[in-house]
> 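Structure in structure tokens, see below.
Keep in mind it's a predicted model, so treat the numbers as computed, not measured. Throughout, protein chains are lettered first and strands after them, A, B, ... in sequence-line order, and every chain is numbered starting at 1.
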Amino acid sequence: MPELPDLENFSRNLHKNFAGKKLVKLKLSKAARLNVSAVVLKKKLVSQKLIKVYREGKELRFVFSNKTIMGIHLMLRGRFYQFSGENIPKHSLAEFFFQGGQNFALTDFQRNARITIDPPETSVPDALSKVVNERFWKEQLLSKAAIKNLLLDQHIVRGIGNAYADEILWKAGISPFSIANKIPSAKIKKLSAAVKTVLNRAIKEIKKTDPDIIGGEIRSFLQIHNSSKKKDPSGNTILQKSVGGRKTYYTDEQQLFR
DNA sequence: TGGCATGTTGGCGA
DNA sequence: CTCGCCAACATGCC
């Protein structure tokens, strides 16, 4: 559920709360999805100091003092919880115990969250990376796919999810059903700017609403992808359509290019 | 109460 | 090959 702006706040807060502390104990549920064995994972991390937490796409990265990087992808339902002592939250997949007694757990009732040791390098840029600019989008939008599907494609750009794809396309004034290679140059420029402004604004809004957030999601400020709203800020009726099993919110003001 | 919401993967068919 | 769509994962929330 959480998307890039939520995850960005989680990473900053986990960094603030845990960076510099030594991991003294790690408990793993049998259900946890790992790319190495539980034994290897513990051997790599336990007794190391956590140096840094940051976000890459929809994944959080935890850097330890021996240079091991642990990636955590929350998938649909993963959540972080802080806890003290042994008050382990429900559906926990992994519990990270730190020196000083402040701990966090990764939970997921759906058991789909993933832990990856030393995640492979990728050339696919993060949505907020500098290289994701107007020229980048002009190079990428050459296919016949619907623009929304391209924004969601993590092989093109990492970090954009269902809700923010709708917000970005609304901000750019482009219909989500537009064919990518039919979008004119001036609109691609708008799209490129909208990616940054929508995501950066959301990071700030979430921080303002809950400065210490490490789990859950805040969506009340979304302009379009918001089932409690009937009209966009200009008074246009918000329309809904199911696309690929997920709901798309848009207005008729968004130009359709086909 | 029960339908909806979310990301990713892999498979199918046009 | 390209693209869209579906199922599966399993439960909390309004």
Side-chain angles (χ1 to χ4, degrees), chain A residues 1-11 29-35 55-61 71-81 88-94 105-116 119-120 122 124-127 139-169 175-183 198-199 202 206 210 213-222 224-230 238-250 256-258:
Chain A
M1 268 228 230
E3 292 196 28
L4 184 153
D6 307 291
L7 294 164
E8 181 65 29
N9 278 287
F10 301 169
S11 75
S29 150
K30 282 202 171 62
R33 292 171 64 187
L34 316 169
N35 71 331
R55 180 194 59 77
E56 271 285 326
K58 296 181 190 175
E59 193 175 78
L60 292 201
R61 298 263 170 103
I72 294 188
H73 195 306
L74 298 178
M75 299 295 280
L76 286 176
R77 297 300 194 162
R79 271 193 88 143
F80 293 107
Y81 285 96
I88 294 164
K90 255 169 67 171
H91 306 296
S92 180
L93 293 177
L106 167 66
T107 75
D108 186 356
F109 64 75
Q110 205 166 332
R111 300 171 169 188
N112 271 330
R114 283 186 328 225
I115 300 177
T116 310
T122 167
V124 180
D126 184 85
E139 286 163 1
Q140 295 301 323
L141 301 190
L142 298 176
S143 87
K144 285 189 277 189
I147 182 63
K148 180 170 178 182
N149 291 345
L150 277 192
L151 293 182
L152 294 176
D153 188 342
Q154 304 297 304
H155 304 292
I156 292 174
V157 154
R158 287 179 299 147
I160 301 174
N162 192 41
Y164 287 99
D166 286 353
E167 295 292 307
I168 288 164
L169 288 168
S175 162
F177 312 112
S178 293
I179 303 298
N181 67 10
K182 303 285 185 190
I183 299 174
V198 165
L199 295 176
I206 292 164
D210 185 355
I213 190 167
I214 59 160
E217 61 179 16
I218 292 164
R219 290 281 170 83
S220 49
F221 61 90
L222 295 187
I224 289 295
H225 194 97
N226 192 332
S227 56
S228 69
K229 291 194 174 163
K230 295 209 159 40
I238 296 173
L239 307 167
Q240 298 183 13
K241 191 174 182 184
S242 275
V243 176
R246 253 158 277 285
K247 204 165 268 186
T248 291
Y249 294 76
Y250 64 104
L256 178 63
F257 302 99
R258 281 190 163 273

> For the P atoms, the ones on B:dA5 and on C:dC6, what distance do you get once it is rounded to whole angstrom?
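15 Å, rounded to whole Å.
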> Let me confirm one number: the CZ-CG distance from A:R79 to A:D108, rounded to the nearest 0.5 Å.
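The CG atom of A:D108 is 11.0 Å from CZ of A:R79, to the nearest 0.5 Å.
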> Tell me the interatomic distance from A:R246, atom CZ, to B:dC4, atom P, rounded to whole angstroms.
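My rounded result for the distance is 14 Å.
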> Indicate, with a heavy-atom threshold strictly under 4.0 Å, whether A:H225 touches base, sugar-phosphate, or nothing.
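Counting heavy atoms under 4.0 Å across all strands, the contact made by A:H225 is with sugar-phosphate only.
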> Just how far is it from atom NZ of A:K144 to atom CG of A:L150, taken to the nearest 0.5 Å?
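Output value for this atom pair is 13.0 Å.
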> Only Watson-Crick and G-U wobble pairs with both distances less than 3.5 Å should count. Give DNA chain C in dot-bracket notation, marking inter-strand partners with |.
.||||||||.||||
> Aromatic rings A:F221 and A:Y164: how do their planes relate, parallel, tilted or perpendicular, breaks at 30° and 60°?
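Plane angle between 30° and 60°, so tilted.
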> Take the protein atom CG of A:L76 and the nucleotide atom C1' of B:dG7, then report the distance between them rounded to whole Å.
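In whole Å, B:dG7 C1' lies 5 Å from A:L76 CG.
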> Applying side-chain contact (heavy atoms from CB on, under 4.5 Å), run through A:L4 and A:R55 and close with a yes or a no.
CA-CA 8 Å; A:L4 184 153; A:R55 180 194 59 77; 3.3 Å; yes
> Can you find a donor-acceptor pair, distance only, under 3.5 Å between A:R33 side chain and B:dT8 base?
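Such a pair does not exist between side chain and base.
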> Take the protein atom CZ of A:R79 and the nucleotide atom C1' of B:dG7, then report the distance between them rounded to whole Å.
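It works out to 17 Å between those atoms.
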> When all nucleic acid strands are considered with a 4.0 Å heavy-atom cut-off, which category describes A:N162: base, sugar-phosphate, or nothing?
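Touches sugar-phosphate only.
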> Give me the distance, rounded to whole Å, that separates B:dT1 from C:dC9 when you measure between the C1' atoms they each carry.
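Comparing C1' positions in B:dT1 and C:dC9 gives a spacing of 23 Å.
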> A:A163 near the nucleic acid: base, sugar-phosphate alone, or nothing, with a heavy-atom cut-off under 4.0 Å?
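Answer is nothing: A:A163 stays at 4.0 Å or more from every strand.
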> A:N226 and A:R219: side-chain donor and acceptor closer than 3.5 Å?
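A:N226 vs A:R219: no donor-acceptor pair found between side chains.
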> NA contact type, A:S227, heavy-atom cut-off 4.0 Å: base, sugar-phosphate, or nothing?
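Contact class for A:S227: none.
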> To the nearest Å, give me how far apart CG (A:L93) and P (C:dC9) are.
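Answer to the nearest Å: 16 Å.
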> To the nearest Å, give me how far apart CG (A:N112) and P (B:dG7) are.
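Rounded to the whole Å, the gap is 13 Å.
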> Starting at CG of A:L141 and ending at C1' of C:dT2, how long is that distance when rounded to a whole Å?
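For the pair A:L141 CG and C:dT2 C1', the rounded distance is 16 Å.
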> So what does A:R219 touch, heavy atoms closer than 4.0 Å: a base, only the sugar-phosphate, or nothing?
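Sugar-phosphate only.
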> Would you kindly give the NZ-to-P distance between A:K90 and C:dT11, to the nearest whole Å?
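The distance from NZ of A:K90 to P of C:dT11 comes to 10 Å, rounded to the nearest Å.
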> Any donor-acceptor pair under 3.5 Å between the side chain of A:R77 and the base of B:dT6?
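Per atom types, the contact qualifies.
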> Can you tell me how far P in C:dG12 sits from the matching atom in B:dT8, rounded to whole Å?
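Between the two P atoms, the distance is 23 Å.
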> Would you kindly give the NE2-to-C1' distance between A:H155 and C:dC1, to the nearest whole Å?
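To the nearest whole Å, that distance equals 15 Å.
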